[in-house]
Amino acid sequence: MKITLPDGSVKEFDGPVSGGDVASSIGPRLAKAAIAAKVDGELTDLDRSIEADASVAIVTAKDDDVDALYVIRHSAAHVMAEAIQRIWPDAQLVYGPPVDMGFYYDIDLDDPISTDDFVRIEKEMAEIIASDRPFCRLELGSDEGRARLRDEGNVYKIDNAERALDGDGDASLSWYVTGEAGRDWEDLCRGPHVPSTGRIGAFKLTSVASSHWHGDVNQQRLQRVYGTAFATQKALDEHLERLEEARQRDHRVIGAKLGLFAIDEQVGQGLILWKPNGAFVRMQLEDFLKAKLLAAGYEIVYTPHIGKVDLYKTSGHYPYYSDSQFPPIKMHDDETEYILKPMNCPHHVKIYASEPRSYRDLPLRLAEFGTVYRFEQSGELTGMTRVRGFTQDDAHLFCTEDQVRKEFSDTVSLTQFVFNTFGFEDVQVRLSLREPGSDKYVGDPANWDRAERELREVLDEMQIDYETDLGEAAFYGPKVDFVVRDVIGRSWQLGTVQLDYNLPERFRLEYIGSDNQAHRPVMIHRAPFGSMERFMAILIEHYAGAFPMWLAPEQVRILPVSDKFMDYAEAVHAALRGSGIRAEVDQSAERVQAKIRAAQEMKVPYMLVVGGRDRDGGTVSVRCRTRADLGALPLEAFIEQAKREDQSHGEDRISV
RNA sequence: GCCACCGUAGCUCAGUGGUAGAGCACUCCCUUGGUAAGGGAGAGGUCACGGGUUCAAGUCCCGUCGGUGGCUCCA
């Protein structure tokens, strides 16, 4: 029998071997480090027999190996479940997979598990790990397995088993016993696991939350205990440190510290108050994009925050999303109703419809930073990322069928340009298509087919990597979303480009073609930032509050060495302001060291230390937030360079 | 919306049913200094809100509001 190793070498064995045997044949150290095997690309237990020629890779307990972490965390989930059942024998196990950064186990138990219980659970886990009991696989045929599950009486496991067996006549069921069958703890599980509990290097429980069976709110509510595990304590410590650092970058923490935004419960949940510093950054972002849009042939419009319900009935939004809107405002006649607009499109559609359009007018690109209101569930609200009132950098492009391709491709380029400008690298592109056979979509299926095909073709032409999500489309058309991860690893949708063959239909939009006949335009909805609130939140975390100079509300802080030089500091201040540079003077009675520290903490890009030497020479001593002391520069030269850095969006940096 | 946890000074947090605390920030005074915290003093509180138990509640119980982590949802 031939076993091919990852380096391409081939080892011969007589008869079946296990991954462990293969490891031993290579060397004792590898055998010792091995925790699982990957046979023809599939992870298996180290002691599973390999019956035929195969390529085999040995998985060792390494913290940078996703397979190793997968197996370790899966095993840790078992150990945690056993620990929980030791403490709460009534706990019914549901489902316990490894996930991105750790693992969880869903448990049905009436007693609430709280983080205070973690110490107890972790102690039991440590004991199970210290006893170093082997994970033993126990396989039963489907009938025998079902009988066993019936005896155990856990409906969740029976359900899991039926799903595993579904459509596979001769499938079997497997259990993993942590120790000796019939005596020690066991769990229905597909595996694989580490050879023994002692191989789980380091673990920690992280949080407890609620979940629902099958993710369905109408089903049994479960408790989900989250944890994480690594091969070594060092890696676990580093992971926890990274989490802590990420928390320091949290936009809610930095937003408060830098005076960017506030939320006030008297104003309302999920409603953002942009404070002067945050408002300034937002204004810069809007101006930046507006200039780009005007250059690309967009036109700016303004529309009201409310509209009659009827408008949204025509657009089709109202019946679909009535429970995620603020309730309608009823007028004095008790009949007319207005709603806070949940979307800008119907208003823009009405601008299109306000005059006759010729094919010569198309594409018509209407842009607006339009604030919309959606009644998100209270449990959903999070800082600036998930809110009830937000401003979309919205635009609607009305074009002919023939123009769709180019307009769509231009908007995708624009979105990419925006992400590049801010240095976002971890951006996933997601193409959302409709779910075949579902009736939740409106419009002609032929139009949908055409739209979906065109999106794919353009993305392919632009050589963009994307993943396809069936069933994630908007009800009116397919879309391309740009998804960015925040520092805590959560994914947020920012930019979006959506094709819409549907609204023009519902509003009976028309243009007169070169044939002098009426035709229906196609709409593209697009928002590169997505929402100003969410984009701002991600930007804060991305920069950890240290905005590049062109975005920073305070670009320069002048630090007089003592208040004897306050007059010179004020003169420098006036010169900077006169040149359009945003500067402040630190007037406190502190020493320079303290002033520097304060400015660094407030993430001011440049500090100008000024004292006697500078006053006499007409210079400023430049300190950069990231590059420390740069030395002295004549005031005029600093202003020149500062303006250049500002206007070039950081391409040209100040140097001395 | 659901579950768990949390809510004490502007911020970060201590606080055993028995007189409300610290550090930072703030104000004032001293210090007048050259690249990440000089020293001193002062001010700042309806312990989220409402009810209950108790001789006595920041502390225990119930409710409401708000926050956090998930679940579900996200045009």
Side-chain angles (χ1 to χ4, degrees), chain A residues 104 106 111-117 206-219 221-226 247 250 252-253 256-257 259 263-266 268-270 312 315-325 341-346 372 374-383 385-388 392 432 440 442 472-477 479 481 488 490 492-493 496 498 500 502-503 525 531 534 559-566 588-601 607-614 621-625 628-632:
Chain A
Y104 67 79
D106 277 344
D111 282 356
I113 297 176
S114 90
T115 47
D116 295 339
D117 298 314
T206 50
S207 66
V208 56
S210 89
S211 62
H212 296 272
W213 196 26
H214 297 172
D216 178 349
V217 271
N218 300 313
Q219 295 276 11
R221 201 175 45 246
L222 308 166
Q223 301 191 65
R224 177 172 295 181
V225 183
Y226 282 89
R247 266 188 278 277
D250 188 313
R252 291 164 298 192
V253 174
K257 189 173 136 194
I263 298 169
D264 185 283
E265 65 176 89
Q266 209 170 7
Q269 287 181 282
Y312 288 91
S315 73
H317 294 113
Y318 189 70
Y320 275 86
Y321 296 101
S322 52
D323 48 348
S324 52
Q325 285 165 187
K341 68 175 169 186
M343 303 197 83
N344 299 305
C345 11
V372 297
R374 299 178 187 178
F375 195 82
E376 303 284 357
Q377 299 178 49
S378 63
E380 277 313 320
L381 303 171
T382 303
T385 45
R386 197 69 193 270
V387 293
R388 284 183 174 161
Q392 296 177 310
S432 299
K440 74 174 197 182
V442 290
E472 290 299 312
F475 72 87
Y476 51 73
K479 58 179 182 171
D481 293 324
I488 313 168
R490 292 174 299 197
W492 296 102
Q493 182 200 306
T496 182
Q498 310 181 352
D500 188 350
N502 183 58
L503 273 187
H525 311 236
S531 104
R534 182 176 289 177
L559 315 179
V561 163
S562 89
D563 52 13
K564 280 198 295 206
F565 310 109
M566 201 57 84
S588 69
E590 290 296 337
R591 294 161 58 195
V592 219
Q593 285 88 336
K595 292 179 181 177
I596 287 171
R597 183 182 155 86
Q600 291 278 153
E601 297 245 307
M607 288 150 264
L608 299 183
V609 176
V610 294
R613 296 204 294 269
D614 300 288
S621 296
V622 184
R623 182 188 166 95
C624 171
R625 194 186 60 77
D629 190 358
L630 297 181

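First the proteins, then the strands, lettered A, B, ... as listed; each starts at 1.
Contact detail for S621(A) and D614(A): the closest heavy-atom pair is OG-OD1, 3.0 Å. Taking all atoms of both residues into account, the shortest heavy-atom contact from K595(A) to P560(A) is NZ-O, 2.8 Å. When all heavy atoms of P342(A) and Q325(A) are compared, the closest pair comes out as CG-OE1, 3.6 Å.
Projected onto RNA chain B by closest heavy-atom contact, Q593(A) and S378(A) fall at different nucleotides, the more 5' of which corresponds to S378(A). When each of C345(A) and G631(A) is assigned the nucleotide of RNA chain B with its nearest heavy atom, G631(A) is the one assigned upstream, toward the 5' end.
The gap from the P atom of G42(B) to that of U8(B) amounts to 26 Å, rounded to the nearest Å. Between C74(B) and G17(B), the two P atoms lie 47 Å apart (nearest whole Å). Distance noted for atom C1' between U27(B) and G66(B): 31 Å (whole Å).
Using a 4.0 Å heavy-atom criterion, one finds that V609(A) contacts the bases of the nucleic acid, with or without backbone contacts as well. Within 4.0 Å (heavy atoms only), R625(A) reaches no atom of the nucleic acid at all. Contacts of G215(A) with the nucleic acid, taken as non-hydrogen atoms under 4.0 Å apart, involve only primed sugar atoms and P, OP1 or OP2. Here F565(A) lies out of heavy-atom contact (under 4.0 Å) with every strand. Heavy atoms of L381(A) sit under 4.0 angstrom from primed sugar atoms or phosphate atoms, though from no base atom. At the heavy-atom level, K341(A) lies nowhere under 4.0 Å from the strands shown. Across all strands shown, R221(A) has heavy atoms under 4.0 Å from sugar-phosphate atoms exclusively, and none from any base. Heavy atoms of Q392(A) sit nowhere under 4.0 angstrom from any nucleic acid atom. As judged by a 4.0 angstrom heavy-atom cut-off over every strand, S324(A) is placed among the base-contacting residues. S621(A) comes within 4.0 angstrom of a base, heavy atoms only. Using a 4.0 Å heavy-atom criterion, one finds that D216(A) contacts no nucleic acid atom at all. Nucleic acid contact class of E590(A) (heavy atoms, under 4.0 Å, all strands): base. Within the 4.0 angstrom heavy-atom criterion, no nucleotide atom of any strand lies near Q223(A). Counting any heavy atom pair closer than 4.0 Å across all strands shown, E265(A) reaches sugar-phosphate atoms only and no base atom.
Listed by chain and residue number, nothing satisfies the ring pair (Phe, Tyr, Trp, His ring centres under 6.0 Å) test with F565(A) (two or more places apart in sequence, or in another chain).
No side-chain donor-acceptor contact under 3.5 Å links E590(A) and S588(A).
The strand RNA chain B forms stems, runs of 3 or more Watson-Crick or G-U wobble pairs with distances below 3.5 Å, at B:1-7 with B:65-71, B:10-13 with B:21-24, B:26-30 with B:38-42, B:48-52 with B:60-64.
A salt bridge links D106(A) with R224(A): the closest approach of a Lys/Arg side-chain nitrogen to an acidic carboxylate oxygen falls below 4.0 angstrom.
Judged by distance alone, the side chain of Q392(A) and the main-chain N or O of V372(A) form no donor-acceptor pair under 3.5 Å. Within the 3.5 Å criterion, the main-chain N or O of V609(A) finds no donor-acceptor partner in the side chain of R623(A). Remark: side-chain polar atoms of Q377(A) are not paired, donor with acceptor, to backbone N or O of S324(A) under 3.5 angstrom.
Residues R388(A) and L381(A) are in side-chain contact: their nearest non-hydrogen atoms beyond the backbone lie under 4.5 Å apart.
Nucleotides of RNA chain B that come within less than 4.0 Å of any heavy atom of chain A span, from the 5' end to the 3' end, G1(B) to A75(B).
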